[in-house]
Amino acid sequence: MKKILTLGLMIIVCFACKKQNNTPTTIATDGRPTGNVIATANIIEGSVPVDKANGNAQIFYDNGSLKLYLYNFSTTNGPDLHVYLATAANAATFIDLGLLKSTTGNQVYNISGNPSFITYKFVIIWCKQFGVYFGGGQWM
């Protein structure tokens, strides 16, 4: 009975995320940053079948600042989707880079400070409103 209730709650949360599709769907066309690539990751979908993010990510050191570049990127839509640098895929400790710019396309995010990518070893797409993992990857 407990498993059925847990499964039911997961389904409700996932479909609730779908009802308010407020992330833009126009293709993002941010250009690739210049500078040195210091980390790369492949973004793969989460375990919940309806919430999927795929693509690639790179961290650039660009003219004295750090930037995250998402490319060949796509995700299913949902409300309040954020881009996080996190210590684990569950987003327990993270740096919020802001709202996802679009569900598809190439996107650049500024990274404040100088975080350790050994500590913040994941890039993840997270539905902040409902605490749902859409996908992510670990730096290589």
Participant: Return yes when atom CD1 of Ile27 has more than 12 non-hydrogen atoms of other residues, nucleotides or ligands closer than 6.0 Å, and no otherwise.
Facilitator: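 No, the 6.0 Å shell around CD1 holds no more than 12 heavy atoms from other groups.
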
Participant: Quick one: are Leu66 and Pro115 in side-chain contact, heavy atoms under 4.5 Å?
Facilitator: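 Side chain of Leu66 against side chain of Pro115, heavy atoms only: contact under 4.5 Å found.
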
Participant: Decide side-chain contact (heavy atoms from CB on, under 4.5 Å) for Leu100 and Leu70; before the verdict, give the C-alpha distance in whole Å, the side-chain angles of both, and the deciding distance to 0.1 Å.
Facilitator: CA-CA 10 Å; Leu100 187 67; Leu70 299 180; 4.2 Å; yes

Participant: Between Ala91 and Ala86, what is the shortest heavy-atom contact and its length?
Facilitator: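 Nearest pair, atom of Ala91 first, then Ala86: CA-CB, 4.4 Å.
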
Participant: Would Phe73 end up clustered with Leu81 when hydrophobic side chains under 4.5 Å apart are linked, directly or stepwise?
Facilitator: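 Same cluster: Phe73 reaches Leu81 through Ile, Leu, Val, Met, Phe, Trp or Tyr contacts under 4.5 Å.
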
Participant: Do Ile38 and Phe122 share a hydrophobic cluster (ILVMFWY, side-chain heavy atoms under 4.5 Å, transitive)?
Facilitator: no

Participant: With a cut-off of 3.5 Å and sequence neighbours excluded, list every side-chain donor-acceptor pair involving residues 133-140.
Facilitator:
| unit_1 | atom_1 | unit_2 | atom_2 | d |
| --- | --- | --- | --- | --- |
| Tyr133 | OH | Gly136 | N | 3.0 |
| Trp139 | NE1 | Tyr120 | O | 3.1 |

Participant: OH/Tyr109 to CG/Leu85 distance, rounded to the nearest 0.5 angstrom?
Facilitator: 11.5 Å

Participant: Calculate, to the nearest 0.5 Å, the distance between atoms CG and CG belonging to Asn22 and Leu99 respectively.
Facilitator: 8.0 Å

Participant: Test question: given the 4.5 Å side-chain rule for I, L, V, M, F, W and Y, name all other residues clustered with Phe60, or answer none.
Facilitator: Val37, Tyr69, Tyr71, Val108

Participant: I'd like to check Ile95 versus Ile111 (side-chain heavy atoms, cut-off strictly below 4.5 Å). Are they in contact?
Facilitator: no

Participant: Just grab all the salt bridge (Lys or Arg N to Asp or Glu O under 4.0 Å) pairs involving residues 62-79, residues at least two apart or on different chains.
Facilitator: Asp62-Lys67

Participant: Are any of the side-chain heavy atoms of Phe94 and Thr87 separated by less than 4.5 Å?
Facilitator: no

Participant: First locate atom CG of Asn72, then atom CG of Asn106, and finally report the distance between them rounded to the nearest 0.5 Å.
Facilitator: 6.5 Å

Participant: Rounded to the nearest 0.5 Å, how far does NZ of Lys52 lie from CD1 of Ile44?
Facilitator: 12.5 Å

Participant: Looking at Ala88 and Ile124, what are the two nearest heavy atoms and their distance?
Facilitator: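 Closest approach of Ala88 to Ile124: O-CD1, 4.4 Å.
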
Participant: Listed by chain and number, what are the side-chain hydrogen bond (donor to acceptor under 3.5 Å, both in side chains) partners of Asn42, not counting sequence neighbours?
Facilitator: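 Expected list: Asn56.
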
Participant: Given side-chain contact (heavy atoms from CB on, under 4.5 Å), test Glu45 with Asn54 step by step and report yes or no.
Facilitator: CA-CA 6 Å; Glu45 61 193 45; Asn54 292 288; 3.9 Å; yes

Participant: Distance from His82 atom NE2 to Thr23 atom OG1, nearest 0.5 Å?
Facilitator: 8.5 Å

Participant: Only pairs at least two apart or in different chains count here, so list each salt bridge (Lys or Arg N to Asp or Glu O under 4.0 Å) that has a residue in residues 90-118.
Facilitator: Asp30-Lys101, Asp96-Lys128

Participant: Assigning hydrophobic clusters by single linkage (Ile, Leu, Val, Met, Phe, Trp, Tyr; side-chain heavy-atom cutoff under 4.5 Å), is Ile59 placed with Trp126?
Facilitator: no

Participant: For the atom pair OG (Ser116) and CG (Asn114), what is the distance rounded to the nearest 0.5 Å?
Facilitator: 8.5 Å

Participant: Are the side chain of Thr25 and the backbone of Thr103 linked by a donor-acceptor contact shorter than 3.5 Å?
Facilitator: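 Judged by distance alone, no pair lies under 3.5 Å.
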
Participant: According to salt bridge (Lys or Arg N to Asp or Glu O under 4.0 Å), does anything in residues 112-121 pair up with another residue at least two apart or in another chain? List the pairs.
Facilitator: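 Applying salt bridge (Lys or Arg N to Asp or Glu O under 4.0 Å) to every pair that reaches into residues 112-121, excluding sequence neighbours, yields nothing.
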
